[in-house]
Amino acid sequence: MSETSGSDTASSTTATPTSAPVAKKVPFERTHHGHTFIDDYEWMREKESPEVIAHLEAENEWTTAQTAHLEGLRDSIFTEIKTRIKETDMSVPNRRGNYWYFSRTKAGLDYGISVRIPISGPDDWTPPEVGEESLPGEEVVFDSNIAAEGQEFFSLGSFSLSDDGSSLLYGVDTTGDERYTLRVRDLATGDDLPDTIDGTFAGASLDPSGRFVFYTTVDDAWRPEKVWRHVVGTDSSDDVCIFHEPDERFFVGSGFSRSGRMMFVVTGSKTTTGYWSISADDLEAEPQEIWPRTDGIEYNVEHAVIGGEDRFLITHNRDRADFDLVDVPAADPTSPGRDVIVTESAADGNDEVRIEDLRIEDVDAFADFIVLGYRRGGFARVGIIRLGDSSSPFGPLQELPFGRETGSLYVGSNPEFEQTSIRLHFTSMSTPAVIYSHSVADGTDTVLKRQPVLGSVDLDDYTETLLWAKAEDGTEIPISVAFRKDLHRFDDDDSTASATKGAGDGADATNDGAASANGEPAPLLLYGYGSYEASMDPYFSVSRLSLLDRGVVFAIAHVRGGGEMGRHWYDQGKTTAKKNTFTDFIDVARHLIDTGWTSPDRLVASGGSAGGLLMGAIANMAPELFAGISAEVPFVDALTSILMPELPLTVIEWEEWGDPLHDPEVYEYMRSYSPYENVTEAAYPQILAVTSLNDTRVLYVEPAKWVARLREVGAKALLKTEMVAGHGGASGRYDTWKETAFEYAWILDLLGRSDVQIEA
C-alpha cells in the first residue's frame, strides 16, 4: 500500500480503465478424499508469469481509478498523521553493558538511527535525558537510512551487539521475503568486516564475547530448520551446523539468556516445545536437551542465578493449561522442580490474585528478582517476585496495579541482568503509551516518556469502554470500544458496570447503552483477528484519531482463537472449533447493531492475515451485516494452502487448522468455511483486499483469486498489490502512513464521512 502521494497504487502508462479486470478461467482440478474442486484461477500462482504480473498491475490500475476521488481525503489523513506524530524524536535509552543505547528519528527520514553514549559508571542506572540535539559523546551505531539508500524496501531482521559494544551483527532484507543477509560491523572504525552470510532467517545473534555468530537457515518450504555457528573473521563456507530439526512441524531458533551465561536452541510447533542449552563458557560444545520433548507439552526456559546456583525457570503446561512456573537446577533440569509462585498478594488490597486466575505467558530473570508477564481478567498484567537464598528462594507474587479499569501493562526492554528497576509500558484505547521505570526496591514509579501526540489534539476528548456480547453458545465475548465523547453519547451506568465487571470476572452484562451521534447509530469500524492465541489488546493509535475525529467508533472484537481470556479461549477457536471465531465476530456485530451502537449500512469490518480469513468467512456467512470489509494480506484460500505441504509454513500450520491432506473430517470442515471456495451468489458488501507480491506467509495469489471469484458473482471488490513488499507491507514510516491513509479513506467513504473536515 505504499504510495508517493497518497493516491498512486500503480505506475500506469495506459489510459484510465473503464471496467474491472476480468480474469481468464483455466479449470484446474483438485481432488482429495473423493471430492473434486474446480479452481478456475489457480493459474495466478505462477509468480514469474508475465501474464500474472500484468493481471496484478491491471488490478492496481482499476483500484487507482476507483479510488481517485479519494485522493484529497488520503492527502488530508496523511497530513493529519504526520502532523500529530513527532517526526524528530528519540526513544528512552536502555543500558547495555557500558553504554546507553537509544534511537533517533528525524523529519524527512523513513527509518530510525541507532545511537549510544557511554555510561558514567557501573552504578549509573538512570537513563540520560535525550533531546533533539546530540549528547556529549554520542555516536551512531547504525543508520538504517544510509543502509536503505537505493532500495524500494528495507527491513532489519537481526541486530545484536557484543557485551563490550565493540561489534554489531545486523541482517538486512531488501525485497520483503524475510530472508536476511548478515554482516558484522566493527563499531570502533564503522567498517563492515568481510563476513557475509546470505539467506538467513530473522533473529541471528552475536555471542557476548563477539567471537561467534549463531544464525538460522530455512528448508525448501522456508521453514527455519538449522542453527549454524560462524566464527567471526572466517568464510561462511566453514560454518558449522550445530542443530538440525528434521520434523516439518517445528521451527527452530536460538538466542542468549539475559545473564549471558547460556545459549538456548529452541524448537517449537503449535503445541509442542523443545529446549537445548549450551554454556557460554564453551560455545563449541554440543547442545544439551533440558526437558525431553513431549507431544502436547509447551515450555519456555529462562536462566537465573538463585543462591549462587545456576537455575532454569520453566513455564510449562504439563499440569495446567494456563501454565505453571517451576525452577530446576541447570545441571540436572529433569530433577523435581520447585514451585516459583508460592503465595499471592493483592495488587491494591481489594483484588485477590490467585494462580488459578492467571494465564502465565513469560518470565524474565534478573539478579535479585524475576518478573512475570501474565493475563488476568482479559488484560495483560505484570507481577514481581523477589529472590532470596536457597532456603527461601521466592517471595510472594506482587502484581503491579493499573490504577484504572481497562488497559494493558507490558514488560519493556530490560537487557541488563544486574539492573535494579524494570522498564514497563502501559497503554489503552484512549491513553497514549507511557514508558516508566519501576523500582523493585521501593516500589516507586518514574515516568520516562509519554507517547507524544502533537497538533490540536485534546486527549480528554476521547474515551473507551469494555462491552460484552453473547455468542450463540452463550459465551460472553469482550469488545473494546473507543470514541469521541463530544461526538457520541453513552449510557454511563451501563458502560461503567460492564467495564468493571468484565475486568474482574468475565461478566454477563449485555450492555444496552450505546454511542450514537444526534440520536442515530454511529459509523463503526470493527476489527478482529482470532488466531494463534494472539491477544489483540486495547492500544492507542495516533492514526486512528483520523477516524474518531470524523465520528467513527472503533471497536476490537476479542473473539475466540485469540488468547485474551486464557488458553481455553484459544482452544475454542482453532482446528475443528475454528468456526467459533467467525460466529463470535458476527455475534459481536449483531450486538453492536441491536444495542444501537451502529447499523449495517454504517458498519465496516477489518482484519489482516489470519484476520483476513475471518473477513472472508464473515463476508460469506453474514454479508448483510456490513457495508464494507477491509482485508489485508488475507488468508482467504486457506484450504488450498493447507493442502500444499511444499508451501512455506503449511505443515507447521496443521496443528492450528488441522490436517486436511490426511484427515477427511478436517478437509470437510475447512471446506465448509474456506472463503474462496464458499463465495456464493449473494449481495456482498464492498471489499478491499490488499496484498504484497513478495509475501511469504500469505501468498499474493490468495486475495488475487478471491477477488476474481467475488467479481464473478457481481461483488464490488478491489485488489491492491504492493509489487515490492512483504507480509508487513511498506517498510518506511511515511509509506506506512500513506497506506493507512489509503485504507482509512476507503472506509470513511463507505461510512459517509469522507467530507468531514477536521483540524489536525
*Side-chain donor/acceptor of Asn580 to backbone N/O of Arg560, under 3.5 Å*: no

*Take atom CG in Asp473; do more than 12 heavy atoms of anything else shown fall under 6.0 Å from it?*
yes

*For Ser428 and Gly407, indicate whether the former's side chain and the latter's backbone hold a donor-acceptor pair under 3.5 Å.*
no

*Please examine the side chains of Trp100 and Val130, heavy atoms only from C-beta on, and report whether any two atoms are closer than 4.5 Å.*
no

_Separation of Leu545 CG from Ile81 CD1 (nearest 0.5 Å)_ = 9.5 Å

_Test log, rule salt bridge (charged side-chain N to carboxylate O under 4.0 Å, His left out), inputs Arg544 and Asp549_ = CA-CA 9 Å; Arg544 189 192 299 141; Asp549 287 346; over 6 Å; no

*Where do His558 and Trp569 come nearest, in terms of heavy atoms and distance?*
O-NE1, 3.1 Å

*Straight-line distance of Arg338 CZ to Asp327 CG, nearest 0.5 Å*: 4.0 Å

*asked:* Against the six-membered ring of Phe250, is Arg293 placed for a cation-pi contact (under 6.0 Å from the centre, within 45° of the normal)?
replied: yes

*Side chain of Asp442, backbone of Thr444: donor and acceptor closer than 3.5 Å?*
yes

*asked:* side chain to side chain contact (heavy atoms under 4.5 Å, CB included), that's the test. Do Val371 and Val382 meet it? Break it down for me.
replied: CA-CA 7 Å; Val371 179; Val382 175; 3.6 Å; yes

_Pair Tyr532-Glu653, side-chain donor/acceptor within less than 3.5 Å_ = yes

*Is there a donor-acceptor contact under 3.5 Å from the side chain of Glu655 to the main chain of Lys270?*
yes

_Exercise: identify the closest heavy-atom pair between Val340 and Ile385_ = CG1-CD1, 3.8 Å

_Ser257 side-chain N/O to His303 backbone N/O, donor-acceptor pair under 3.5 Å_ = no

*Okay, side chain of Gln451, backbone of Ala433: is any donor-acceptor separation there less than 3.5 Å?*
yes

*Could you tell me if the ring centre of Trp291 sits under 6.0 Å from that of His316?*
yes

*Donor-acceptor under 3.5 Å (Ser269 side chain, Ile652 main chain)*: no

*asked:* Is the shortest side-chain heavy-atom distance between Arg258 and Glu416 below 4.5 Å?
replied: no

*Assess the side chains of Glu632 and Ser609: does a donor N or O sit below 3.5 Å from an acceptor N or O?*
no

*Would you please say whether a donor-acceptor pair under 3.5 Å links the side chains of Ser535 and Asp537?*
no

*Can you name the nearest heavy-atom pair linking Ser543 to Tyr744, along with the distance?*
O-CE2, 3.3 Å

*So, Ser531 versus Lys578: side-chain donor-acceptor pair below 3.5 Å or not?*
yes

_For the CG atom of Asp445 and the OH atom of Tyr436, what is their distance to the nearest 0.5 Å?_
5.0 Å

_Qualifying residue for salt bridge (Lys or Arg N to Asp or Glu O under 4.0 Å) with Glu533, from Arg567, Lys574, Arg375_ = Arg567

*Would Leu325 and Val363 count as a side chain to side chain contact (heavy atoms under 4.5 Å, CB included) if you check the C-alpha gap in whole Å, the side-chain angles of each, and the deciding distance to 0.1 Å?*
CA-CA 9 Å; Leu325 177 60; Val363 61; 4.2 Å; yes

*Can you see which heavy atom on Thr272 is nearest to which on Gly296, and at what distance?*
OG1-N, 2.9 Å

*asked:* Would you say that Phe369 contacts Ile422 through its side chain, given a criterion of any heavy-atom pair below 4.5 Å between the two side chains?
replied: yes

*Do we get Arg381 above Tyr374's six-membered ring, with its NZ or CZ under 6.0 Å from the centre and within 45° of the axis?*
no

*Between the side chains of Ser437 and Ser421, is a donor N or O closer than 3.5 angstrom to an acceptor N or O?*
yes

*asked:* With a 4.5 Å cut-off on side-chain heavy atoms, are Asp461 and Lys485 touching?
replied: no

_Exercise: identify the closest heavy-atom pair between Ser630 and Glu743_ = OG-OE2, 2.9 Å

*asked:* I'd like to know whether Trp597 forms a side chain to side chain contact (heavy atoms under 4.5 Å, CB included) with Phe483, so could you lay out the CA-CA distance, the side-chain angles of the two residues, the decisive distance to 0.1 Å, and finally the verdict.
replied: CA-CA 11 Å; Trp597 279 89; Phe483 54 93; 3.7 Å; yes

*Has Arg318 got its NZ or CZ under 6.0 Å from the middle of the six-membered ring of Tyr299, at an angle within 45 degrees of the ring axis?*
no

*asked:* So does Glu298 get a backbone contact from the side chain of Asn317, meaning a donor-acceptor N/O pair under 3.5 Å?
replied: yes

*Is there a salt bridge (charged side-chain N to carboxylate O under 4.0 Å, His left out) between Arg249 and Asp295 once you walk through the steps?*
CA-CA 11 Å; Arg249 298 176 300 160; Asp295 282 348; 3.7 Å; yes

*Applying side chain to side chain contact (heavy atoms under 4.5 Å, CB included), run through Leu358 and Phe323 and close with a yes or a no.*
CA-CA 8 Å; Leu358 309 183; Phe323 289 74; over 6 Å; no

*Please round to the nearest 0.5 Å and tell me the distance separating atom CG of Leu525 and atom OG of Ser606.*
5.5 Å

*Is the NZ or CZ atom of Arg95 positioned over Trp125's six-membered ring, under 6.0 angstrom from the centre and within 45° of the axis?*
yes

*Mind telling me whether Phe264 and Tyr275 have parallel, tilted or perpendicular rings, with 30° and 60° as the class edges?*
perpendicular

*Would you find a donor on one side and an acceptor on the other, under 3.5 Å apart, between the side chain of Asp357 and the backbone of Arg376?*
no

_Atom pair CG/CZ of Asp364 and Phe417 - distance to nearest 0.5 Å_ = 11.0 Å

_Between Asn94 and Ser413, is there a side-chain donor-acceptor contact under 3.5 Å, judged purely by atom types and distance?_
yes

*Find out whether Met263 and Ser254 are in side-chain contact, i.e. whether some heavy atom of one side chain is under 4.5 Å from a heavy atom of the other.*
yes

*asked:* Does the structure place the NZ or CZ of Arg359 under 6.0 Å from the centre of the six-membered ring of Tyr570, at an angle of no more than 45° from the ring's axis?
replied: no

*Asn414 side chain vs Gly412 backbone, donor-acceptor pair below 3.5 Å*: yes

*Side-chain heavy atoms of Leu424 within contact of Leu409, under 4.5 Å*: yes

*Starting at OH of Tyr111, measure out to OG1 of Thr105 and round the result to the nearest 0.5 Å.*
14.0 Å

*Quick one: are Val440 and Arg386 in side-chain contact, heavy atoms under 4.5 Å?*
yes

_Counting C-beta onward and ignoring hydrogens, is there a side-chain heavy-atom pair between Trp657 and Thr575 closer than 4.5 Å?_
no

_Heavy-atom closest contact (Ala631 atom, Met615 atom, distance)_ = CB-CB, 4.1 Å

*Verify the distance criterion only: is there a donor paired with an acceptor across the side chains of Thr581 and Asp584 at less than 3.5 Å?*
no

